[in-house]
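To start, the structure itself, in structure tokens.
Chain naming here is simple, since letters A, B, ... match the order of the sequence lines and numbering starts at 1 in each.
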Amino acid sequence: MKRPPNPLFPLQDLNPSQRDAVTTVDGPLLILAGAGSGKTRVITYRIAYLLQERNIPPYAIMAVTFTNKAAGEMRERVISLAGREGRMVWISTFHSACVRILRQHADRMGISRHFTIADDSDSLRIIKGILKEMNVDERVLPARRVSYLISRAKNALVEPEGMADLGEVRRDHLMEKVVLAYGHYEERLRASQALDFDDLLFFTFRLFEGHPDIRDNLEDILQFIMVDEYQDTNHAQYQIIRHLSARRRNICVVGDDDQSIYRWRGADITNILSFESDFPEAKVVSLMENYRSTGHILKAASCLISRNLGRKDKELRAVRPDGLKVSAFAAVDERDEADFISATILDLMRREGFAAGDFAVFYRINAQSRAIEDSMRRNNIPHAIVGGVRFYDRMEIRDTLAYLRLILNPADWTSFERVINAPARGIGKVTLEKIRSCAAKDAPPEKAVLEALKSVKITKKAASALSAFLETMGGLRDKVQVQALDELVVSVMDDTGYLPALQSEDTEAARNRIENLQEFLTVVHDFLEISTGVEESGSDTLSAFLDQVSLVSDIDSWEDKGSAVTLMTLHMAKGLEFPVVFLAGMEEDLLPHYRSQGEPAELEEERRLCYVGMTRSRERLFLTLARRRRIFGQYDHTHPSRFFSELPDENVELHSESAFPILGLTGRGGPSRIPSEGTIAISEFHYEPEPVEGEETLLPGTEVSHPMFGVGQVMGVEGEGGDARITVYFPKGGKKKLIAKYANLRVI
DNA sequence: TACATCCTTCTTTTT
DNA sequence: GAAGGATGTA
């Protein structure tokens, strides 16, 4: 389907460097796209350019993003630029693309085409079980840590044997345990015909390595590859990209090293920093004109990020006028902070005509959302929280999904264990253990059940429940091919007794769960609506649905509807923009987070996080902090984030209603509510707070000595005065809870 | 085996 | 300040 070059291709919409990036299509290309520099526009125009000006067939182009939302938006914009052809361009996330490839070639990898995608909580559950079997004390080696280390290994394409060589983990007895657990974990996943998130990448890489014909075939088809958010790719993704572009080398990566915020998930910032040495013939185009933010905001953000050492030296240019300065506000506590945000929003809406959808509040951790949400509710401000407790993480949804997975993949032990006693059927730990002991190696759970019914003593009640369960599952598997997906889901809820059990419960919680299940049915309907037209078997539809559900992220369902204030973590904020942005919790130990202060590289990532948040803002930016904050239900004093002191005076001012000035910021003389000695210094502050529960001289962290246990450190204080209960960690005696008036503690 | 009650721990960030 | 785990009771 050749078509003459389109003389009207809208290159005039682009500035010179954008145009350069769009029209450079042969050979490796690195597009360094600063915040707000029109990155998405460049990618979509480039795809349209390939289609229309170079007559490249759409199936020869692949664009990879990190979220489904980004992929969906990209597809829409390509279609609106290039017409229907754009529909056929392969635009997807890394993980979705890998699933598609793996389902197609599962046989070559020796796995079932219907493999289950194990999510994080599945993984964690499996690892917990393994550690227990290995008699590893979770306090010495938490499952979370093991899970993290395994994930890091997989992202680095390292198998259990090679794990001990990973730089950050030393070879010691704990490490041996982790390596062992990794091995067991893999066995368990394979027996269940399951792949975890990291496996999706790792197996795709292995597929390419071990089966060059498949790789070559794909490489023949995919002539042009584009990768968005390249700064957040991990090693596995990097290697997959290398494979796909090995021969043609038409690889275009787009990113900004200053916005790399997924180091903790294995993202390797050196991928983008060393692109030019990986592809020596690469052309580099820098997009350094920022069209988004007003001058003060951009200059403040640029100054902050310039503190990082591990970055390419560059400077964004503000296209827009200076606008208003960045506003800093110090609140008394997190409630006061939230109320300030609410009041400011109401004020801006009333006086300057902003709509609720123009505002976003960003924070470092999800737990911060509560106070803000409360305040918005009190003030009747429409708001939407993105993230936090996910819909798909609700128990009833996970249970239903587990049934669906088990229908498709009878080997799925994790799902089996989840649903075998949901609803309660009288099958507990003991029976389950019997079933497990009857399982021959790699035997699917239902075989093991049959075996157990035959050869082991099982209570009458449990035995009949098990038989009924087997029958139900058999019946559901028959229904897959004859029922539409929505009917099937209803069958699952009814036939398994799950919904009837909830209905007979008659509690608020149960009604809530039933509501969620109904909501789940709408999700199914929506899915069916979108995926019409494709002729598939029942199991293929189910499989596609489960894939989609496994790979959605919270941000995918967020829509810019203009009707509500958006509340989300800084991580979710990447790629978005809002007229007015609040960055809440600008405190030491929160931003930067205390877990990130070990290595300089981690601190730099926190700074990037702050930078990402600031650069989301178009017109107005507010940085707020609370001088004391409840953490784990207890008040703690805070210090202003060190990032305040890294902002330039001339672009930031203290908000006129700030309860306290912040040392290192301008604004002296302005604020009205300030006690004169109330300045908060970056490293310390002299302000005497109004008395807080149980908190006298024994702040957490205080060194104390005890007549019997010796020297220790205060971990927490509950209650007040002499009756206060003080938790102290003694290196010699361990953790102790002591009553203040009896403990005879001396502050050192 | 199920349910209630206590206790502990936890919170980064998520495809 | 919740949620999951451990423990005890029916």
Side-chain angles (χ1 to χ4, degrees), chain A residues 64-71 92-99 117 119-121 123-125 128 132 138-139 142-144 147-148 151 154-155 196-201 229 232-234 236-237 260-267 362-371 386-390 392-393 395 421 423-433 458-462 465 547-556 568-574 585 589-598 602 605-606 608-610 612-613 629-635 715-716 718 727 735 737:
Chain A
V64 200
T65 64
F66 271 79
T67 65
N68 295 298
K69 178 169 173 285
S92 93
T93 66
F94 263 105
H95 288 83
S96 309
C98 289
V99 169
I117 300 171
D119 65 28
D120 280 346
S121 70
S123 303
L124 203 63
R125 199 181 273 247
K128 277 196 174 141
K132 206 166 232 170
E138 270 242 29
R139 279 168 304 186
R144 282 215 152 281
S147 156
Y148 170 78
S151 175
K154 287 187 176 186
N155 286 159
D196 66 20
F197 283 132
D198 305 316
D199 281 336
L200 297 177
L201 305 173
E229 308 280 13
D232 283 325
T233 49
N234 61 35
Q237 289 161 330
S260 170
I261 53 175
Y262 285 104
R263 190 187 113 94
W264 52 276
R265 211 169 72 190
F362 302 142
Y363 35 82
R364 179 64 178 85
I365 64 173
N366 279 308
Q368 285 174 260
S369 68
R370 163 173 278 135
V386 184
V389 188
R390 300 183 54 211
Y392 293 103
D393 284 340
M395 183 177 79
N421 202 34
R425 304 185 167 95
I427 297 165
K429 253 201 323 222
V430 181
T431 312
L432 188 60
E433 205 37 61
I458 288 178
T459 59
K460 232 196 245 147
K461 191 173 151 216
D547 282 351
Q548 199 208 38
V549 166
S550 300
L551 299 174
V552 291
S553 65
D554 292 312
I555 192 71
D556 295 337
M568 60 169 71
T569 62
L570 284 163
H571 282 86
M572 299 272 217
K574 195 173 64 164
D589 294 339
L590 204 49
L591 186 67
H593 195 267
Y594 72 100
R595 300 278 296 255
S596 310
Q597 295 180 15
E602 291 184 328
E605 179 139 315
E606 296 291 306
R608 288 194 292 269
L609 215 38
C610 188
V612 166
R629 179 180 294 278
R630 267 161 95 99
I631 214 115
F632 299 148
Q634 267 198 104
Y635 273 112
M715 298 177 75
E718 288 164 68
T727 314
K735 207 162 91 178
K737 257 198 177 154

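As rounded to whole Å, 11 Å separates atom P of dT15(B) from atom CG of Asp393(A). Atom pair Lys574(A):NZ and dT14(B):C1' shows a separation of 11 Å (rounding to whole Å applied). When rounded to the nearest whole Å, the span between CZ of Arg595(A) and P of dT11(B) equals 7 Å. To the nearest angstrom, C1' of dT14(B) lies 16 Å from NZ of Lys69(A). Here dT14(B) presents its C1' atom at 8 Å from CE of Met572(A), a figure rounded to the nearest Å. Atom CE of Met568(A) is separated from atom C1' of dT14(B) by 14 Å (rounded to the nearest Å). Put simply, OH on Tyr392(A) is 13 Å from P on dT15(B), counting in whole angstrom units. At whole-Å resolution of the value, CG in Asp199(A) and P in dT15(B) are 18 Å apart.
When the side-chain nitrogen and oxygen atoms of Arg144(A) are compared with OP1 and OP2 of dT11(B), one or more of them lie within a distance under 4.0 Å. Contact between the side-chain N/O atoms of Ser96(A) and the OP1/OP2 oxygens of dT15(B) is not found at any separation under 4.0 Å.
Remark: Ser147(A) engages no residue in a side chain to side chain donor-acceptor pair (under 3.5 Å) (not counting sequence neighbours). Checked against side-chain contact (heavy atoms from CB on, under 4.5 Å), Ser550(A) has the following partners two or more places apart in sequence or in another chain: Ile117(A), Arg405(A). Ser121(A) is linked by a side chain to side chain donor-acceptor pair (under 3.5 Å) to Asp119(A), Arg398(A), counting only residues two or more places apart in sequence or in another chain. With sequence neighbours excluded, the residues forming a side-chain contact (heavy atoms from CB on, under 4.5 Å) with Val386(A) are Asp554(A), Ile555(A), Trp558(A), Thr566(A), Met568(A), Met572(A), listed by chain and number. Considering only residues two or more places apart in sequence or on other chains, Arg265(A) meets the side-chain contact (heavy atoms from CB on, under 4.5 Å) condition with Phe66(A), Tyr262(A). Shown here are the side-chain contact (heavy atoms from CB on, under 4.5 Å) partners of Ala71(A), two or more places apart in sequence or in another chain: Thr65(A), Ile91(A). Remark: His593(A) pairs with no residue by the ring pair (Phe, Tyr, Trp, His ring centres under 6.0 Å) rule, at least two apart or across chains. Scanning for side chain to side chain donor-acceptor pair (under 3.5 Å) contacts around Asn68(A) gives Asp556(A), with sequence neighbours left out. Under the side chain to side chain donor-acceptor pair (under 3.5 Å) criterion, Gln548(A) pairs with no residue at all, not counting sequence neighbours.
The same atom, P, is picked in dG4(C) and in dT13(B); the two are 16 Å apart, to the nearest Å.
Panel note: side chain Gln237(A), backbone Phe94(A); no donor-acceptor pair is recorded below 3.5 Å. No side-chain donor-acceptor contact under 3.5 Å links Glu433(A) to the backbone of Val430(A). In terms of modelled atom types and a separation under 3.5 Å, the side chain of His95(A) and the main chain of Leu200(A) share no donor-acceptor contact.
Tyr594(A) comes within contact range of the sugar-phosphate backbone alone, with a heavy-atom separation under 4.0 Å but no base atom that close. Here Phe66(A) lies in heavy-atom contact (under 4.0 Å) with sugar-phosphate atoms only. Ile365(A) comes within 4.0 angstrom of a nucleotide base, judged by non-hydrogen atoms across all strands.
A distance cut-off of 5.5 Å between ring centres, combined with a plane angle under 30°, places Trp264(A) in a stacking arrangement with the base of dT13(B).
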Please tabulate, one pair per line, each protein N/O and nucleotide N/O from nucleotides 8-10 of chain C that are separated by under 3.5 Å, including the distance.
none

Distances for protein N/O vs nucleotides 1-3 of chain B N/O pairs under 3.5 angstrom?
unit_1, atom_1, unit_2, atom_2, d
dT1(B), OP1, Val430(A), N, 3.3
dT1(B), OP2, Thr431(A), OG1, 2.2
dA2(B), OP1, Gly426(A), N, 3.0

Distances under 3.5 Å between protein N/O atoms and the N/O atoms of nucleotides 1-5 of chain C, please, pair by pair.
unit_1, atom_1, unit_2, atom_2, d
dG1(C), OP2, Arg630(A), NH2, 3.4
dG1(C), O6, Phe632(A), O, 3.1

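Set against dT13(B), dT11(B), dT15(B), the side chain of His571(A) has dT13(B) as its closest nucleotide.
The 5' end of DNA chain B is approached more closely, in terms of each residue's nearest nucleotide, by Pro142(A) than by the other of Asn366(A) and Pro142(A).
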